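Keep in mind it's a predicted model, so treat the numbers as computed, not measured. Quick note on labels: first sequence line is chain A, next is B, and so on, each numbered from 1.
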There are 2 protein chains.
Amino acid sequence: MIRIVIADDHPIVRAGLRAVIDSEADLDIVGEASTPSAAFELADSLTPDVILMDLQFGTDETGVDATTRIQQLPSAPHVLVLTNYDTDMDILGAVEAGAAGYLLKDAPPHELLAAIRAAAAGESALGPTIASRLLGRMRNTQNVLSPREQSVISLVADGATNADIARSLHISESTVKSHLVHIFTKLDATSRTSAVAEARSRGIIR
Amino acid sequence: MIRIVIADDHPIVRAGLRAVIDSEADLDIVGEASTPSAAFELADSLTPDVILMDLQFGTDETGVDATTRIQQLPSAPHVLVLTNYDTDMDILGAVEAGAAGYLLKDAPPHELLAAIRAAAAGESALGPTIASRLLGRMRNTQNVLSPREQSVISLVADGATNADIARSLHISESTVKSHLVHIFTKLDATSRTSAVAEARSRGIIR
DNA sequence: GCGCGAATCAACCTTTTGATTGATGCTTGG
DNA sequence: CCAAGCATCAATCAAAAGGTTGATTCGCGC
């Protein structure tokens, strides 16, 4: 019997997962969480085999944060990420946090059930598409932006001028321009608009 | 007995809706669709009372397109939109297409069930938040961009320079600049990056 | 200690963008 | 016919962004 916790902020998605999983004789849902911290607490108190984890809960804390914390538990369950997001940042972030699998929410039920059983057996539960995405893109995401560069690109994406950004971050415009030069190099961009577009497509900003 | 069709591309969401609705004595799911065109066909052939319609199906055709077509049917069902998107453009687009209600997917089951019954009774099924959003923003969305302006802002959001855009659309850079001036006025922006940010927040671009 | 990355800053120059003003032509509705 | 909106285009100038080069300091790992 594989014991499962469901972590998703949408009641209808939880109901759907329940419906799919409840009809399987070897699977048992032992708990449900609608926030990352509730997911962590259930992982700790219920010691499930597998936890199905959404990435975005409409809270500051994310499914990646909860996944990271869950890895510190003495009997950490296998985390299977189930999400709408398929950018490189999202995939790599979840895998680096210790997720054993990554599935998109449009996956048909038989794929979901196979992924749950694989994760419970300690196997990688990445579909071939996601696995090859991961391998092919390791180099790019290693060039990820520094925390300061992240702040700058986020403000650019909000429509801020270099002068606005300098004021917000209490630095000079020269420093803003320096950060932008680095951002352009890392993202292979030549303007603020192309840098923002690339950062969006990589999931660096949302 | 309220007869319902479910239109959503995610099997897990459909399973969740089924689970929520099947437990209600006065509600009956008569069909399911995973594309907008399948939704239209079922609306035509099964003549349900209510159709639960997602907006994005991963296809070129959207739930708004299907909603528009459904209004032409002799016994058009009431369309209740159920989606993750809450931008002004999305809400207004659906309402203008003839949707009788609009719900976000994080709505709890009791709200969903109330909205279904209201829609079936011919009542507006907009939550108070969404209704006030709609009224408060009618003015803004009436200033929506012309088709050409839409093309220009989309290309800007992709990171294109004015020269790139002129080449793509086979016009002069002067014309690109003119369109941008109009876009800035309509979106209350002063730079391309702030225009893109505002267009995103309004759902003009995604 | 050295090398590297990150953060900070500047000067100088070029390019692009944005603001303003003006114009033409077409289509649509009153 | 007139007005408004849309699409197109131009000239001129100011402002912002981008490119390049150079520098300093700090923290970390080898």
Side-chain angles (χ1 to χ4, degrees), chain A residues 89 92-93 96 138-200 202 204-205, chain B residues 89 92-93 96 138-200 202 204-205:
Chain A
M89 291 301 295
L92 191 66
E96 285 181 343
M138 288 296 283
R139 194 174 0 155
N140 272 4
T141 45
Q142 276 175 353
N143 288 338
V144 77
L145 308 184
S146 74
R148 203 62 165 167
E149 286 159 0
Q150 286 262 65
S151 298
V152 170
I153 197 70
S154 289
L155 290 169
V156 170
D158 289 341
T161 61
N162 292 347
D164 294 334
I165 294 166
R167 267 191 304 268
S168 284
L169 302 181
H170 306 293
I171 53 178
S172 76
E173 274 189 55
S174 289
T175 304
V176 175
K177 288 183 182 181
S178 291
H179 287 313
L180 282 170
V181 167
H182 296 143
I183 289 167
F184 294 165
T185 300
K186 290 180 179 182
L187 298 185
D188 203 24
T190 52
S191 68
R192 59 208 306 118
T193 55
S194 64
V196 168
E198 183 65 22
R200 279 192 180 280
R202 295 194 194 181
I204 294 169
I205 51 178
Chain B
M89 291 301 295
L92 190 68
E96 284 180 343
M138 286 298 282
R139 196 180 355 173
N140 273 3
T141 45
Q142 276 175 356
N143 288 339
V144 78
L145 308 184
S146 73
R148 203 63 164 164
E149 286 159 0
Q150 285 263 67
S151 298
V152 169
I153 198 72
S154 288
L155 290 169
V156 171
D158 290 342
T161 61
N162 292 347
D164 293 335
I165 295 167
R167 266 191 304 268
S168 283
L169 301 182
H170 305 292
I171 53 176
S172 76
E173 272 190 55
S174 289
T175 305
V176 175
K177 288 184 183 182
S178 292
H179 287 312
L180 282 170
V181 168
H182 296 144
I183 289 167
F184 294 166
T185 300
K186 289 179 181 183
L187 299 185
D188 205 24
T190 52
S191 69
R192 58 206 307 119
T193 55
S194 65
V196 168
E198 183 64 22
R200 282 191 187 282
R202 293 192 195 184
I204 294 170
I205 51 178

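- As judged by a 4.0 angstrom heavy-atom cut-off over every strand, B:Thr175 is placed among the base-contacting residues.
- Across all strands shown, A:Ser191 has heavy atoms under 4.0 Å from sugar-phosphate atoms exclusively, and none from any base.
- Rounded to whole Å, the distance from CG on B:Asp164 to P on C:dT15 is 16 Å.
- Comparing C:dT17, D:dC6, D:dC9 by their nearest atom to the side chain of B:Lys177 picks out C:dT17.
- Atom C1' of nucleotide C:dG18 and atom CZ of A:Arg192 are separated by 13 Å, given to the nearest angstrom.
- Contact of the B:Thr193 side chain with the B:Val156 side chain is not registered, since no non-hydrogen atoms from C-beta on lie closer than 4.5 Å.
- Ionic pairing of A:Glu173 and A:Lys177 is not present here: no N-O contact between side-chain nitrogen and carboxylate oxygen is shorter than 4.0 angstrom.
- Taking atom CG of A:Asp188 as the reference point, atom C1' of D:dG18 lies 16 Å away to the nearest angstrom.
- Picking from D:dG18, D:dA7, C:dG18 the nucleotide with the shortest atom distance to the side chain of B:His179 gives D:dA7.
- B:Ile171 contributes atom CD1, which lies 8.0 Å from atom CD1 of B:Ile165 (distance to the nearest 0.5 angstrom).
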Set out, in order, the CA-CA distance, both residues' side-chain angles and the distance that settles side chain to side chain donor-acceptor pair (under 3.5 Å) for B:Ser194 and B:Ser191, then state yes or no.
CA-CA 5 Å; B:Ser194 65; B:Ser191 69; 3.2 Å; yes

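- Closest to the A:Ser146 side chain, of the nucleotides D:dG18, C:dA6, D:dA7, is C:dA6.
- For B:Gln150 and D:dC6, the CD to C1' distance is 14 Å, given to the nearest whole Å.
- Applying the 4.0 Å criterion to OP1 and OP2 of D:dG5, one finds that B:Arg148 has every side-chain N and O outside that range.
- The phosphate of C:dT17 has OP1 or OP2 within less than 4.0 Å of a side-chain N or O from B:Asn162.
- Closest to the side chain of A:Ser172, out of C:dC9, D:dT8, C:dA19, is C:dC9.
- Between the side chains of B:Ser178 and B:Thr175, no donor N or O sits under 3.5 Å from an acceptor N or O.
- A close approach under 4.0 Å does not occur between any side-chain nitrogen or oxygen of B:His182 and OP1 or OP2 of D:dC6.
- Nucleic acid contact for A:Ser174: base, since at least one base atom lies under 4.0 Å from a heavy atom of the residue.
- Side-chain proximity of A:Phe184 to the nucleotides D:dG19, C:dG18, D:dC6 is greatest for D:dG19.
- Looking at which nucleotide of DNA chain D each of A:Ser178 and A:Ala160 is closest to, the 5′-most match is held by A:Ala160.
- Between the C1' atom of C:dC9 and the CG atom of A:Leu180 lies a distance of 15 Å, rounded to the nearest Å.
- Following rounding to the nearest Å, B:Ile183 (CD1) and D:dA7 (P) show an atom-to-atom distance of 10 Å.
- D:dA10 atom C1' lies 14 Å from atom CD1 of B:Ile171, rounded to whole Å.
- Set against D:dA17, C:dA19, C:dC9, the side chain of B:Thr190 has C:dA19 as its closest nucleotide.
- Taking only side-chain atoms of B:Pro147, from C-beta outward, the nucleotide of C:dA7, C:dA10, D:dA7 with the closest atom is D:dA7.
- One finds the CD atom of B:Glu149 at 5.5 Å from the CD1 atom of B:Ile183 (value rounded to the nearest 0.5 Å).
- When rounded to the nearest whole Å, the span between CG of A:Leu145 and P of C:dG5 equals 15 Å.
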